[in-house]
Amino acid sequence: VRMQFTTDSPVSPPPPLLTRLRAYWRVYSRNPQKTRLLCLLILHHLSRVVVCTYFINAGLSLLWFYSNEYIDLFPITALPLIACAISVAVAPQFWFFGVVLGILSFLDALNILASRIDRWYSGRPLYINELMMKKVCICGCVIIVLLHIPKFKQMLRERTHQALQGLLIVDEPNRTGSLLSALLLVVRVLISSLFLFVGYGEIWRHWRRAHHIGEHIDYAEGDGHNQMWLKLIQFGISIPFVLGFRLTLASAALCFALLTESLVYWAFWATRQELGLQYAVHAREHFFINMAVAGGLYLLNQFGPGRFSIDELLAKKQS
């Protein structure tokens with residue numbers, strides 16, 4: 001049936017955005033449970049998008065370095081890195097792009113570690129800085145993003161269900177399987193390696209500087225590396241975090257510390273005139289990595305500590 005519209009029966013235009021937002025607010029404000037679920041859903045998708053923005057920034061930075069002739073060869077991984085990151089951020093059901101993104105991130109971390117080991121093997125001192133460890137840490141965030149992709153989540157759920165079929169205890173449908181628990185432990189180790197390394201390095205650097213022992217690095221005023229207290233807080237919280245003790249509280253505290261560090265000490269948009277363009281690019285990478293790790297911590301917290309954690313052992317003793 002073909003519908004004809006005349007001037008006598010005009011079609012009403014769709015309501016404006018503000019009107020629709022007010023209608024949504026009236027619906028959700030009357031039901032606190034729906035409002036909470038909506039907020040959690042928004043945070044979940046926002047955390048995944050924040051992790052993916054790191055890779056988008058990394059790809060754009062590679063293209064910027066090539067266009068300004070800081071590197072000679074065209075970065076062939078930049079375009080697929082950007083494309084896969086956008087795909088995972090917008091449509092996570094396309095799991096293939098998530099796998100490619102994970103492979104590229106692990107190759108980047110392995111390339112950095114291999115170059116440092118080769119430098120040390122050739123007789124030069126072993127040098128690993130904070131940014132290199134953040135590349136390793138981001139691998140843990142990629143793993144947790146992959147675990148939230150529907151296809152892999154379904155595979156883990158089916159594997160856990162098959163493992164529990166032969167058990168007498170059948171009233172635990174949401175029990176975390178051994179494979180997922182092992183992956184969650186790997187994620188905690190990769191993420192906490194950043195905080196442990198940076199915290200130890202900052203304590204050692206400031207102690208040598210205070211006691212005039214050996215050579216120490218002095219950063220310019222306003223450099224984000226000069227801040228110490230947030231790194232010490234991250235160092236202290238990372239110990240119960242990697243052990244899986246009070247994981248929810250530890251993850252929330254680390255998220256808050258990372259977000260504060262990003263917005264206060266790695267504000268790349270406000271340091272270009274004072275410290276130059278090169279530092280602004282460097283600070284921008286720190287900013288996006290910190291934001292990505294904060295997003296990864298939120299996604300990790302949704303899975304819980306897993307079997308290989310102190311929280312799980314305490315729960316078994318109480319039950």
S.K.: With a 4.5 Å cut-off on side-chain heavy-atom distances among I, L, V, M, F, W and Y, is there a chain of contacts connecting Leu263 to Trp266?
M.R.: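 Yes, it is one cluster - the side chains of Leu263 and Trp266 are joined through contacts under 4.5 Å.
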
S.K.: Calculate, to the nearest 0.5 Å, the distance between atoms OG and CG belonging to Ser192 and Leu297 respectively.
M.R.: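 Reported value, rounded in 0.5 Å steps: 10.0 Å.
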
S.K.: Find out if a path of hydrophobic residues (ILVMFWY) with successive side-chain heavy-atom gaps under 4.5 Å connects Phe152 to Phe96.
M.R.: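 Yes, it is one cluster - the side chains of Phe152 and Phe96 are joined through contacts under 4.5 Å.
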
S.K.: Which heavy atom of Ala292 sits nearest to which heavy atom of Val50, and what is that distance?
M.R.: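 Here Ala292 and Val50 meet closest at N-CG1, 3.9 Å.
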
S.K.: Looking at CZ of Arg124 and CG of Asp118, how far apart are the two atoms once the value is rounded to the nearest 0.5 Å?
M.R.: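 The distance works out to 7.5 Å.
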
S.K.: Is it true that Leu258 and Leu249 fall in one hydrophobic cluster, defined by side-chain heavy atoms closer than 4.5 Å?
M.R.: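 Leu258 does not cluster with Leu249.
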
S.K.: Is the number of heavy atoms from other residues, nucleotides or ligands under 6.0 Å of Phe97 CZ greater than 12?
M.R.: no

S.K.: Any donor-acceptor pair under 3.5 Å linking the side chain of Ser87 with the backbone of Ala83?
M.R.: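 It does not hold such a pair.
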
S.K.: Please step through side chain to side chain contact (heavy atoms under 4.5 Å, CB included) for the pair His148 and Arg48, ending with a clear verdict.
M.R.: CA-CA 9 Å; His148 276 280; Arg48 187 186 68 251; over 6 Å; no

S.K.: State yes or no: do Ile289 and Val49 share one hydrophobic cluster built from I, L, V, M, F, W and Y residues joined by side-chain heavy-atom distances below 4.5 Å, directly or via other members?
M.R.: no

S.K.: Could you tell me if the ring centre of Tyr54 sits under 6.0 Å from that of Phe288?
M.R.: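 No, the ring of Tyr54 stays outside the 6.0 Å limit from the ring of Phe288, centre to centre.
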
S.K.: Should Leu107 and Ile143 be counted in the same cluster of Ile, Leu, Val, Met, Phe, Trp and Tyr side chains packed under 4.5 Å apart?
M.R.: yes

S.K.: Any salt bridge linking Lys135 with Glu285? Criterion: basic side-chain nitrogen under 4.0 Å from a carboxylate oxygen.
M.R.: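 Here Lys135 pairs with Glu285 in a salt bridge, since their nearest N and O are under 4.0 Å apart.
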
S.K.: At their closest point, which heavy atom of Cys137 faces which heavy atom of Val293, and how far apart are they?
M.R.: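 In terms of heavy atoms, the two residues are closest at SG-CG2, 3.6 Å.
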
S.K.: Under 6.0 Å between ring centres: does that hold for Phe195 and Phe235?
M.R.: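 So the answer is no for these two rings.
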
S.K.: Looking only at heavy atoms, which two atoms of Pro92 and Pro150 are closest? And how far apart?
M.R.: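 Distance-wise, the nearest heavy atoms are O-CD, 3.9 Å.
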
S.K.: Count the heavy atoms of every other residue, nucleotide or ligand shown that sit under 6.0 Å from CD1 of Ile76, and state whether that count exceeds 12.
M.R.: no

S.K.: Checking Leu110 now: which residues fulfil side chain to side chain contact (heavy atoms under 4.5 Å, CB included) with it, not counting sequence neighbours?
M.R.: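 Checked Leu110 against side chain to side chain contact (heavy atoms under 4.5 Å, CB included); zero matches.
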
S.K.: Look at the aromatic rings of His282 and Tyr279 and report parallel, tilted or perpendicular, splitting at 30° and 60°.
M.R.: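 Rings of His282 and Tyr279: tilted, as their planes differ by 30° to 60°.
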
S.K.: So, Ser309 versus Arg188: side-chain donor-acceptor pair below 3.5 Å or not?
M.R.: no

S.K.: Of all heavy-atom pairs between Leu104 and Pro80, which one has the smallest distance, and what is that distance?
M.R.: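 Answer, listing the atom of Leu104 first, then Pro80: CD1-C, 4.4 Å.
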
S.K.: Taking all atoms of both residues into account, what is the closest heavy-atom pair of Val136 and Ser193, and its distance?
M.R.: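 Heavy-atom minimum between the residues: CG1-OG, 4.3 Å.
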
S.K.: Considering non-hydrogen atoms only, spot the tightest contact between Leu147 and Phe303 and give its length.
M.R.: O-CZ, 3.5 Å

S.K.: Could you check whether Asn290 and Lys134, counting side-chain N and O atoms only, form a donor-acceptor pair closer than 3.5 Å?
M.R.: yes

S.K.: So does Thr248 get a backbone contact from the side chain of Ser251, meaning a donor-acceptor N/O pair under 3.5 Å?
M.R.: no

S.K.: Please report the C-alpha distance between Trp95 and Val99 in whole Å, then the side-chain angles of each, then the deciding distance to 0.1 Å, and finally whether the side chain to side chain contact (heavy atoms under 4.5 Å, CB included) criterion is met.
M.R.: CA-CA 6 Å; Trp95 58 271; Val99 173; 3.8 Å; yes

S.K.: With a sphere of 6.0 Å drawn around CZ of Phe256, does it hold more than 12 non-hydrogen atoms of other residues, nucleotides or ligands?
M.R.: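 Not buried by this count: 12 neighbours or fewer within 6.0 Å.
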
S.K.: Which of these, Val142, Ile86, Ile82, sits in a side chain to side chain contact (heavy atoms under 4.5 Å, CB included) with Phe55?
M.R.: Val142

S.K.: Test ring-ring contact (aromatic ring centres under 6.0 Å, His included) on Trp269 and Phe287 and set out the steps.
M.R.: CA-CA 10 Å; Trp269 56 87; Phe287 175 85; 5.5 Å; yes

S.K.: Is Asp311 reaching over with its side chain to a backbone N or O of Arg246, donor-acceptor style, under 3.5 angstrom?
M.R.: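 Yes, the answer is positive, given that a donor and an acceptor are paired below the 3.5 Å cut-off.
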
S.K.: Quick one: does Ser181's side chain have a donor or acceptor within less than 3.5 Å of a partner on Gly306's backbone?
M.R.: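 No: the side chain of Ser181 does not pair with the backbone of Gly306.
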
